[in-house]
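Here's the structure we're looking at; comments come further down.
The basis for the numbers below is simple: all heavy atoms, side chains too, and nothing from hydrogens, waters or symmetry mates.
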Amino acid sequence: MSVEETPKNSNFIRDIIDADLASGKHSEVVTRFPPEPNGYLHVGHAKSICLNFGLARDYKGRCHLRFDDTNPTKEEQEYIDAIKEDVKWLGFDWGKHEYYASDYFEQLFDWAVLLIKEGKAYVDDQTADEIRINRGTLTEPGKNSPCRNRSVEENLDLFMRMKKGEFKNGERVLRAKIDMAAPNMNMRDPVLYRILHAEHPRTGAKWCIYPMYDYTHGQSDAIEHISHSICTLEFQDHRPLYDWFIENLPVPAKPHQYEFARLNLTYTVMSKRKLLRLVQEKKVSGWNDPRMPTISGMRRRGYPAAALREFCDRIGVAKANSTVEFALLENCVRDDLNRNALRFMAVLRPIKLVITNYPADLVEVFDADNNPEDPNAGTRKVAFTRELYIESEDFMENPPKKYFRLSPGAEVRLKHAYYVTCRDIVKDAAGNVVEVHCEYDPTSRGGASPDGRRVKGTLHWVSASLGRKAEVRLYDHLFNQENPDKVEEGEDFMSRMSPNSLEVLTDSVVEPALADVAVGAPLQFLRMGYFCKDSDSTGDHLVFNRTVSLKDGWAKVQKNQPD
RNA sequence: AGGGGCGUAGCCAAGCGGUAAGGCACCUGCCUUUGGAGCAGGCAUUCGUAGGUUCGAAUCCUCCCGCCCCUGCCA
């Protein structure tokens, strides 16, 4: 790279790291991705994963995977397993650096005892309501707890008894003694420990008091010697508290927290709480429903991991709240799939096409390229017969201007095969066209004619007798407006769910070779979009998910035409 | 005057005192056995607003305006 060239992924965090490395403040970069295992990861987490692991990769440092498991009432082993699978699938490797905040419970407890001994923490007997009321408001200072000046001995005794399980949930908490009048609410004697008689996925019944996030995160960073602790904007106000613990405890390192704006995407919601509701209220089939913005949903939908990584690179990292258009994500997906998806022909909504001058018993086999973008992808054989299926939208009895597909008298090319001209149509009693009768030009074999005449329309097709039946699932946005949270008084995002987010086609017909493709492998159904075989497929029932449609130039032509 | 942040094109986003990168979207052409892909071109006289400093300001200073976050024993 030439010196005057700007690094393409420049962002403020890289600037900070460059400065820290140059000044000698740090000699290596150690980051961490710290999910709470209370739900599945979504594309917003992908941004954080790519940022943290990407920094570690580029600066030859390391990135830890650390589960923030301090609240056993919400966390589950299922989520831990799913998170690990998703990070791996995204293409990142934490090596041996898999940690849990719960690994540090003992140390955190000892440090809490130290704070008590130094008069910097106290046990509070107030109820949750009393604590809330006495915290004050944004414009008024809080009131000191009546327990604030307990003796060290009494605090120690009470805290030990909390640990031993002598009190019920909510009866007491341990609080830091900082400043009830601080303008930053986080500094008004924050709670360090609460009593939770709950089984923890990893520590079982060992503890009945659990540390709060604020008391846990920075110290965990320090224990792991994290150099740059990166989190989202809403934690900016917590940074003074993060620093307070680092300054007041004998921690082995002094990590620093930096904040960036979380990802928002149009036409979807991005909070685990809301996604959990969609799952619990059965609005979707599960966390990995292909319509979900979860990493597992996108994987099942057929989004390549590389496309997600590319997306995260392209959106950048900054501090301004922003909402990225879904179209950018789709562009990344198409860009990857165009290069890598194997092409096949599949007729989603079939209508029969009969070639009246083609022998009834003849089967011709043509070579079809598997990927015109990649000569190394080779070719496959496709069988051509007198009766075929074509896409019903590829025939119009009374076509509008610029429609260059099939219509009475019009000639089109059947991809890889022959030119055919529509000579007749057959309708049912209701007047619907059920068959299109054509004549083919034997000299156009392979898809080009000796006279070089121009045939603009090219249609995909599947042999009626040799094709396989298939179910095809078409997906659209889960929500019908860009920002699902922008609702009237008394409504919430659930009221903006789209009724058209899933369309199931049960009469599709596909090339027989599609029976053998692997679940999840990237496919393009010519002219229709990118697809992948779904895990619901069985030996005799094929199911395909539409990953994303192809860009539709015809739709644009129609849109820009008056009438 | 409660505190903390942020305002560069329709959407992201570089830029860090020397005269507005890049991507997506959109628009034009060309090309095409996918109306896909590809190729070429277009798209901010101006950086929330108003002043100031300077030979020179998106970059520095001041005022104002707008938006986001914070009163869990969630993270």
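In summary, A:Asp124 and A:Arg150 do not engage in a salt bridge, as defined by a charged side-chain N under 4.0 Å from a carboxylate O. With respect to A:Asp69 and A:Lys74, no salt bridge is recorded, no charged nitrogen being found less than 4.0 Å from a carboxylate O. Comment: A:Arg309 does not engage A:Asp336 in a salt bridge, judged by the lack of any side-chain N to carboxylate O separation of less than 4.0 angstrom.
For the 3.5 Å distance criterion, the side chains of A:Tyr267 and A:Glu325 fail to qualify, holding no donor opposite an acceptor.
A:Lys415 comes within 4.0 angstrom of a nucleotide base, judged by non-hydrogen atoms across all strands. Base contact: A:Pro372 has a heavy atom under 4.0 Å from a base atom. Looking at heavy-atom distances under 4.0 Å, A:Glu259 makes no contact with the nucleic acid at all. Using a 4.0 Å heavy-atom cutoff across all strands shown, A:Arg405 reaches at least one base atom of the nucleic acid. Residue contacts for A:Lys272: at a heavy-atom cut-off of 4.0 Å it reaches no nucleic acid atom on any strand shown. As judged by a 4.0 angstrom heavy-atom cut-off over every strand, A:Tyr530 is placed among residues making no nucleic acid contact. Within the 4.0 angstrom heavy-atom criterion, only backbone atoms of the sugar-phosphate kind lie near A:Gly553; the bases stay farther away.
Look at CZ on A:Arg188: it is 14 Å from C1' on B:G4, rounded to the nearest Å. In this structure, A:Lys551 places its NZ atom 14 Å from C1' of B:U34, rounding to the nearest Å. The separation between A:Ile390 atom CD1 and B:U34 atom C1' is 15 Å, rounded to whole Å. Atom CD of A:Gln524 is separated from atom P of B:U34 by 11 Å (rounded to the nearest Å). For the pair A:Lys456 NZ and B:C31 C1', the interatomic distance rounds to 11 Å; values are reported in whole Å. Rounded to whole Å, atom C1' of B:G36 lies 17 Å from atom CZ of A:Phe344. If you measure from atom CD of A:Gln257 to atom P of B:G5, you get 12 Å, rounded to the nearest angstrom. Here B:A14 presents its P atom at 13 Å from CZ of A:Phe260, a figure rounded to the nearest Å.
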### Pair A:Glu36-A:Asn71, side-chain contact (heavy atoms from CB on, under 4.5 Å): steps then yes or no
CA-CA 9 Å; A:Glu36 181 190 12; A:Asn71 185 352; 4.1 Å; yes

### Query
When you look at A:His416 and A:Phe366, which way does the ring pair (Phe, Tyr, Trp, His ring centres under 6.0 Å) test go after all the steps?
CA-CA 7 Å; A:His416 306 304; A:Phe366 294 99; 8.4 Å; no

### Query
When you look at A:Tyr258 and A:His256, which way does the ring pair (Phe, Tyr, Trp, His ring centres under 6.0 Å) test go after all the steps?
CA-CA 7 Å; A:Tyr258 300 94; A:His256 196 89; 4.7 Å; yes

### CA sep, side-chain torsions, deciding dist, call: A:Arg32, A:Ser229, side-chain contact (heavy atoms from CB on, under 4.5 Å)
CA-CA 7 Å; A:Arg32 101 270 90 114; A:Ser229 179; 3.1 Å; yes

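Rounded to whole Å, the P atom of B:A58 lies 15 Å from the corresponding atom of B:G52. Rounded to whole Å, the C1' atom of B:U53 lies 11 Å from the corresponding atom of B:U62. To the nearest whole angstrom, the two P atoms, one in B:G66 and one in B:G48, are 16 Å apart. Distance check on atom P: B:U34 versus B:G10 gives 35 Å, rounded to whole Å. For the C1' atoms, the distance from B:C30 to B:C47 is 35 Å, rounded to whole Å. Rounded to whole Å, the C1' atom of B:U32 lies 9 Å from the corresponding atom of B:A37. With both ends at atom C1', the span from B:G35 to B:A75 equals 49 Å, rounded to whole Å. B:G23 and B:C61 have their P atoms separated by 32 Å, given to the nearest Å.
An anti base is found at B:G4: its glycosidic angle is more than 90° from 0.
Using cut-offs of 30° and 60° for the angle between ring planes, the A:His200 and A:Tyr210 rings count as parallel. In this pair, A:His238 and A:Phe235 present their aromatic rings perpendicular. The plane angle is above 60°, beyond the 30 to 60° band. Aromatic ring orientation, A:Phe531 versus A:Phe525: parallel (interplanar angle below 30°, classes split at 30° and 60°).
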### Summary
Parsed dot-bracket for RNA chain B after applying the Watson-Crick and G-U rules with both distances under 3.5 Å and | for other-strand partners is .(((((((.[[[..)..(...]]].(((((.......))))).....[.[[[..)....]]].])))))).....

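Comparing A:Ala448 and A:Ala327 by the nucleotide of RNA chain B that holds the closest heavy atom to each, the one mapping nearer the 5' end is A:Ala327.
Only one option out of A:Val462, A:Val347, A:Leu459 pairs with A:Glu391 in a side chain to side chain contact (heavy atoms under 4.5 Å, CB included); it is A:Val347. Looking at A:Gln524, A:Glu330, A:Arg546 one by one, the single match for side chain to side chain contact (heavy atoms under 4.5 Å, CB included) with A:Tyr530 turns out to be A:Gln524.
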All N/O pairs under 3.5 Å across the protein-nucleotides 9-13 of chain B interface:
from: B:G10; atom 1: N2; to: A:Glu325; atom 2: OE1; distance (Å): 3.0
from: B:C11; atom 1: O4'; to: A:Glu325; atom 2: OE2; distance (Å): 3.0
from: B:C11; atom 1: O3'; to: A:Thr323; atom 2: O; distance (Å): 3.1
from: B:C11; atom 1: O2'; to: A:Thr323; atom 2: O; distance (Å): 2.9
from: B:C11; atom 1: O2'; to: A:Glu325; atom 2: N; distance (Å): 3.4
from: B:C12; atom 1: OP1; to: A:Thr323; atom 2: N; distance (Å): 3.0
from: B:C12; atom 1: O5'; to: A:Thr323; atom 2: O; distance (Å): 3.4
from: B:C12; atom 1: O2'; to: A:Ile315; atom 2: O; distance (Å): 2.8

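Regarding contacts with the backbone of B:U34, every side-chain N or O of A:Arg343 stays at 4.0 angstrom or more from both OP1 and OP2.
Under the rule for a ring pair (Phe, Tyr, Trp, His ring centres under 6.0 Å), the partners of A:Phe326 that lie at least two apart in sequence or sit in another chain are A:His477.
A heavy atom closer than 4.0 Å to some atom of RNA chain B occurs in A:Asn338, these being the qualifying members of residues 335-342 of chain A.
Taking the six-membered ring for Trp and the full ring otherwise, A:Phe260 and A:Phe12 have centroids separated by 6.0 Å or more.
Identified under the ring-ring contact (aromatic ring centres under 6.0 Å, His included) test for residues 176-199 of chain A, with sequence neighbours left out: A:Phe159-A:Tyr193, A:Tyr193-A:Tyr215.
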## Note on the structure
Each nucleotide of nucleotides 69-75 of chain B classed B (base within 4.0 Å of a protein heavy atom), S (only sugar-phosphate) or -, in 5' to 3' order, makes BBBSBSB

